[in-house]
Amino acid sequence: MNDEQDQDKKSGVSRRGFLGATAVAGAAGAGLASGLLGFGAGEAQARARNSGLEFHVAPGELDTYYGFWSGGQSGEIRILGIPSQRELMRIPVFNHESATGWGKTNESKRVLNGSPHTNGDTHHVHLSYENGTYDGRYAFVNDKLNTRVARIRLDIMKPDRITEIPNVAAIHGINPQRWPSTEYLFCSGEMIIPLPNDGRHLDEPEHYWTLMTALDAETMDVKWQVWVDGNMDNLVTDYSGKYVGATCYNSGRGVTLAEMMGPERDWAVFFNVPAIEKAVAEGDFTTIGDSPVPVVDGRGAAEGGTAYTLYVPVPRSPHGLNSSPDKKYVIASGKLSPTVTIMEWSKVDDWFAGKLNDPRDTVLAEPEVGLGPLHTTFDGRGNAYTSVFLDSQVVKWNIDDALRAARGEQVNYIRQKLDIHYQIGHIMASMAETVEADGKWLVALNKFSKDRFIPVGPLRPENEQLIDISGEEMKLVHDGPAFPEPHDVVMVRADLVRPARVWSRDDPFFAETAERARQDGVDLERDNTVIRDGNKVRVYMTSLAPNFGLTEFSVKQGDEVTVTVTNLDRIEDVAHGFALVNHGVNMEISPQQTASITFAANKPGVHWYYCSWFCHALHMEMSGRMLVESA
Ligand code: CUK
Ligand code: CUA
């Protein structure tokens, strides 16, 4: 008997048998949970006791969760499979990207609205909801750098809308409405700026403000904004569809570090969405500068708030704000204070109904968790997990016990402190931002990797650590290096995401390109032709492995050339590329997709184009020539 068999015999569970069972369950879309249920209860318990969840995903097996990772200052989103932590795909969003041509193709330029920016800073990814869980339609992500938000279609895994937010600087927190479904996307403007920011003010703090913004999640148009006191940091929605909260630091509205550290207390600010909608409907708003967006005045922290806002004083510089999956609590993580502040959504409701005297009456407890609490996540079993930056720990604590301790009972609410490597920022458990939080996996997104990987120069990867939280005890199971620098992630049960296998020919993503072809009298799936329109030349061709429909075409020096390629391949995974030598032109054309790219033909001579995605044994030969006749 070898070691593994011996081990299997002792634990009473065959590792191979277990892997087989999860593979079957995964194929049925049921995930790991059902895999466990497939055993006798005794066996499953023995497993949980002995070795926790299986995190090794063997060759040929599939992950049970999609992880949607922000990409920080890379400006992108990344998709990782969980639990393997294999990077499955990158979704360029605000950045321009070499392989796919994002930022170069006409279809991506339309989504980017002709923005001059080629970079971004994504911090928070969240998915659209129905009844408090993911509906699999969209992901949303912020761009702190250039004050934008983007929506990503989860069928094609490409952004389809990007909106620049007026009147604010640096969008940081975002959260979609969770209940009954995502009609709004809310986002917090972080940095205070003079309003209007028209070059008249530098040193007059009374002019510096920021706003909370609500977008229509369907159109991605800005619906309204709310003027607040302080800078806003992270933002969260509740599970009733009525309230939005944000952490607010710099309540003194300082512009230097010393000034920002001034006041002892900052706030969690809560927004009453129906009251704000009513104000907008009744014309009780202003506009700022030349932006037409209605701005409702929610300033009034000194009085505890307004009809639209509630300011709950919390220890200085709160950071994360998270809604518990039982729909009850909203928890602010203290950052500079070793505490987290547990507030209750129903008490926020009581405040706006006039039933409370003091904003602090919404606070149930302020348990100490460790030094530098940043974000909190949940397992759906009543436990919270807070990332503690300075202590480099994940702190597991029990919410009910923390409330009992606050009422004076002698209970220890801390369940476990697990060292991580090193300096954790965000933390997220599987499905934790939904009512279906399932307490299986947790990822610690650590800002420093130090000695955990072989050195790769002065710039190091971050270290994202996978932790099994299915049992009583947290178990660290894997280190995962990450290119700088994801901030946040959501881990989504694989059955909730339903990506397209090939493009649909009537996809709106390239509808404008298809309409242009129709006006040119071109059938994209048949015609290989060149249309001249003054000095604009439109080249239409098909691709079918290993051939382009056109192997040569001629244009004149000074022409503006648009090449439109329609990939006729229907076989999954057979993508082609159109790459034109010495012109900075390259793009992806996936099965059944139409893609187009425009460039200037300024260099007389013959220029080769080739297929840039490996598609066939004769991929290298899939090429053609463009002749530029000299003027
Ligand atoms: S923030 Cu980065 S660690 Cu932008 Cu969500 Cu907290
Ligand atoms: Cu087509 Cu490579």
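Counting convention: from 1, in listed order, for ligands and their atoms alike.
Listed as neighbours of ligand 1 are His123, His124, His172, Asn234, His319, His375, Gly425, His426, His487, each bearing a heavy atom under 4.0 Å from the ligand.
By the side chain to side chain donor-acceptor pair (under 3.5 Å) test, Asn175 pairs with His126, Arg178, Thr237, sequence neighbours left out.
Under the side-chain hydrogen bond (donor to acceptor under 3.5 Å, both in side chains) criterion, the residue pairs touching residues 91-101 are Glu97-Thr100, with sequence neighbours excluded.
Listed by chain and number, His576 ND1, Cys611 SG, Cys615 SG, Met622 SD are the protein N/O/S atoms closer than 2.8 Å to atom 1 (Cu) of ligand 2, with waters left out.
Counting only heavy atoms from C-beta outward, the side chains of Ser323 and Tyr329 never approach each other to under 4.5 Å.
Checked against the 6.0 Å centroid threshold, Tyr243 and Phe186 do not count as a close aromatic pair. Between His172 and His124, the distance separating the two ring centers is shorter than 6.0 angstrom. Between Phe509 and Trp503, the distance separating the two ring centers is shorter than 6.0 angstrom. For Tyr129 and Tyr134, the ring centers are positioned less than 6.0 Å apart. No close placement of the Trp345 and Tyr239 rings is indicated, their centers lying 6.0 Å or farther apart. Centroid-to-centroid, the aromatic rings of Tyr609 and Phe548 come within less than 6.0 Å.
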